[in-house]
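Take a look at the structure set out below.
The analysis underlying the following values was restricted to heavy atoms, covering all of them including side chains, and did not include hydrogens, waters or symmetry mates. Quick caveat: nothing in here was measured; it's all calculated off a predicted structure.
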Amino acid sequence: ASASAQMAMVEPCTRYTPHNPKCPAPPAGKTFDLGQKNPLGKSEPLCKHTTPYATPVATWAAGQSITTRFEAGETARGGGHIQFSLSYDGGKTFVVIHEVLGHAFLNGPTTSNEATILSYTFDLPRDIPASDKAIFAWTWVNAVGSRDFYMNCADVAIRGYSKSLTGKQMTVVNHDGYPTIPEFNGNYDTGLEHYRDAPTVFVAGDGSVLGRVKLPPTPQAPAVSVPPVVKPTPVEKPTPTKVVYWS
């Protein structure tokens with residue numbers, strides 16, 4: 001499958017996007033990213049572009065309902081896994097705030113490869129810290145074709161009162177130094193262990209990482225051994241003794 005002209009987030013405005021006329025021009029010395037629908041290059045840094053916009057493209061409040069939108073008419077590559085995450089340390093650590101695993105951009109298994117779901121609406125956590133330099137990221141692992149990792153990032157401001165955010169660390173795969181998730185081949189549980197068993201991270205609004213905990217894999221219920229039912233051995237009744245009386 002071709003890795004070109006796939007999916008791109010157009011709202012909120014991602015860094016250097018040419019796909020939304022309402023978005024700002026790139027920072028000085030930078031150009032529009034004409035390959036924004038392409039997967040992240042194997043050696044490219046997370047977010048691809050590390051120089052943020054001078055001002056946030058959106059301002060959100062803790063607990064607010066937000067909507068992300070994607071460009072229409074693109075191929076969904078069989079769906080796959082997507083996450084939406086926030087970073088407070090310039091893109092080094094991302095905490096997941098929403099995810100769709102399995103049938104991203106589709107309504108379930110289908111033979112069509114055209115994306116039918118082009119927006120996702122969800123609530124921000126109520127316990128998120130304030131920041132004028134937060135990064136909102138969308139990531140995608142496609143189900144069909146070459147093993148790629150897609151990522152777009154948007155510079156946002158957050159209004160909140162919590163001192164820290166706790167959540168699952170964003171999953172990175174199919175990228176240099178990270179695990180590879182194979183093609184799904186119809187099994188939409190493929191690679192879910194990388195999402196299910198991701199470490200929990202604790203980040204502060206100033207960007208410091210307060211902690212990271214790797215939880216053990218979700219245990220499976222042990223098999224229960226049921227002892228066989230032993231039927232009691234029937235006890236034969238003794239034959240009564242016949243008593244003969246002589247006269």
May I have all residue pairs that pass side chain to side chain donor-acceptor pair (under 3.5 Å) and include part of residues 129-142, sequence neighbours excluded?
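Qualifying pairs, neighbours excluded: D132-R159.
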Residues forming a salt bridge (charged side-chain N to carboxylate O under 4.0 Å, His left out) with R126, sequence neighbours excluded:
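R126: no salt bridge (charged side-chain N to carboxylate O under 4.0 Å, His left out) contacts found.
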Run the side chain to side chain contact (heavy atoms under 4.5 Å, CB included) check on I181 and T190 step by step: do they pass?
CA-CA 7 Å; I181 291 180; T190 300; 3.8 Å; yes
Side chains of [X] and [Y]: do they bring a donor and an acceptor to under 3.5 Å?
| X | Y | answer |
| --- | --- | --- |
| N113 | T75 | yes |
| Q169 | T200 | no |
| T121 | R69 | no |

Taking atom [atom1] of [X] and atom [atom2] of [Y], what is their separation to the nearest 0.5 Å?
| X | Y | atom1 | atom2 | result |
| --- | --- | --- | --- | --- |
| L124 | S65 | CG | OG | 8.0 Å |
| I158 | L86 | CD1 | CG | 5.0 Å |
| S146 | R77 | OG | CZ | 4.0 Å |

Which pairs with one or both residues in [range] pass salt bridge (Lys or Arg N to Asp or Glu O under 4.0 Å), sequence neighbours excluded?
| range | answer |
| --- | --- |
| residues 16-32 | none |
| residues 43-65 | D33-K48 |
| residues 93-110 | E99-K168 |

Do [X] and [Y] touch side chain to side chain, with heavy atoms closer than 4.5 Å?
| X | Y | value |
| --- | --- | --- |
| Y150 | L40 | no |
| F70 | T68 | yes |
| P26 | T31 | no |
| V172 | L46 | yes |
| H49 | C47 | no |
| T166 | V201 | no |
| I128 | Y88 | yes |
| F105 | T116 | no |

Provide the closest heavy-atom pair for [X] versus [Y] in the form atom of the first, atom of the second, distance.
| X | Y | result |
| --- | --- | --- |
| N174 | K42 | O-NZ, 2.9 Å |
| A154 | C13 | CB-O, 3.2 Å |
| E71 | H19 | OE1-ND1, 3.4 Å |
| H175 | G41 | CE1-O, 2.8 Å |
| P129 | A204 | CG-C, 4.3 Å |
| T171 | Q83 | N-OE1, 3.0 Å |

Kindly assign one of parallel, tilted or perpendicular to the pair Y16 and Y53, based on the angle between their ring planes and the thresholds 30° and 60°.
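Geometry flag for Y53 against Y16: perpendicular rings.
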Assign the ring pair Y120 / H98 to parallel, tilted or perpendicular, where the plane angle (0 to 90°) is split at 30° and 60°.
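Correct class here is tilted.
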Other residues, nucleotides and ligands only: do more than 12 of their heavy atoms fall within 6.0 Å of [atom1] on [X]?
| X | atom1 | value |
| --- | --- | --- |
| K163 | NZ | no |
| Y178 | OH | no |
| F32 | CZ | yes |

With a 4.5 Å cut-off on side-chain heavy-atom distances among I, L, V, M, F, W and Y, is there a chain of contacts connecting [X] to [Y]?
| X | Y | value |
| --- | --- | --- |
| M170 | V100 | no |
| L165 | F136 | yes |
| I97 | W60 | yes |
| L101 | M9 | no |
| V95 | I66 | yes |

Check against side chain to side chain contact (heavy atoms under 4.5 Å, CB included), N107 and I117
CA-CA 7 Å; N107 283 311; I117 298 176; 3.4 Å; yes
Quick one: list whatever passes side-chain contact (heavy atoms from CB on, under 4.5 Å) with T50, sequence neighbours left out.
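For T50, the residues satisfying side-chain contact (heavy atoms from CB on, under 4.5 Å) (neighbours in sequence not counted) are P45.
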Donor-acceptor pair, distance only, cut-off 3.5 Å: does the side chain of S87 make one with the backbone of T93?
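Pair found, side chain donor or acceptor close to backbone of T93.
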Expected output: side-chain D155 to main-chain P52 donor-acceptor under 3.5 Å
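No.
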Take M7 and K37 through the test side chain to side chain contact (heavy atoms under 4.5 Å, CB included) and record every step on the way to the result.
CA-CA 5 Å; M7 301 293 298; K37 296 180 184 179; over 6 Å; no
Hey, do the aromatic rings of H81 and F184 have their centres closer than 6.0 Å?
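Yes, the ring centres sit under 6.0 Å apart.
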Evaluate the criterion side chain to side chain contact (heavy atoms under 4.5 Å, CB included) for residue pair V173 and R147; output intermediate values, then yes/no.
CA-CA 9 Å; V173 292; R147 307 321 301 142; over 6 Å; no
